[in-house]
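Structure first, then comments.
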Amino acid sequence: PPSNFSCLYPFPVHHAADRQCQIDLDKPCFGRYPKFRDAQGWEVILEPGEVLYIPPYCFHYVENLETSVSVTFWF
């Protein structure tokens, strides 16, 4: 949720990677990013034909469990 924004250590505005967090989510370094321990999230597994809407300003991490196609559209 957007309330977790400060726990995700986003890159500064106008940085080439702004809108992304600085944390390696596969191997987070809690020594460098201690507030990440307080981040909350949801885990969702979609079945074929399902769609997930991610509202604006919500950070997300996607991992495919098998071969799939994803489509992203930024308004």
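Of all non-hydrogen atoms in Phe36 and Tyr9, the two that sit nearest each other are N-CE1, 3.9 Å. Taking every heavy atom of both residues into account, Gln22 and Pro10 meet most closely at NE2-O, 3.2 Å. Of all heavy-atom pairs spanning Ser70 and Asn64, the tightest one is OG-OD1, 4.3 Å. Closest heavy-atom contact between Gly31 and Pro34: O-CD, 4.0 Å.
The OG atom of Ser3 sits 6.5 Å away from atom CD of Gln40, with the distance rounded to the nearest 0.5 Å. We find the OH-CG distance between Tyr61 and Leu8 to be 14.0 Å, quoted to the nearest 0.5 Å. To the nearest 0.5 Å, the span separating CD1 on Ile23 from NZ on Lys35 amounts to 10.0 Å. With rounding to the nearest 0.5 angstrom, the CG atom of Leu65 is 9.5 Å from the CG atom of Leu46. In this structure, CD1 in Ile45 is found 7.5 Å from CD in Glu47, a value given to the nearest 0.5 Å.
Note on Ile54: it does not cluster hydrophobically with Leu25, by side-chain heavy-atom contacts below 4.5 Å among ILVMFWY residues.
By the 6.0 Å contact criterion, CZ on Phe11 is enclosed, its count of non-hydrogen atoms from other residues, nucleotides or ligands being greater than 12.
Judged purely by atom type and a 3.5 angstrom limit, Asn4 has no side-chain atom pairing as donor or acceptor with the backbone of Ala39.
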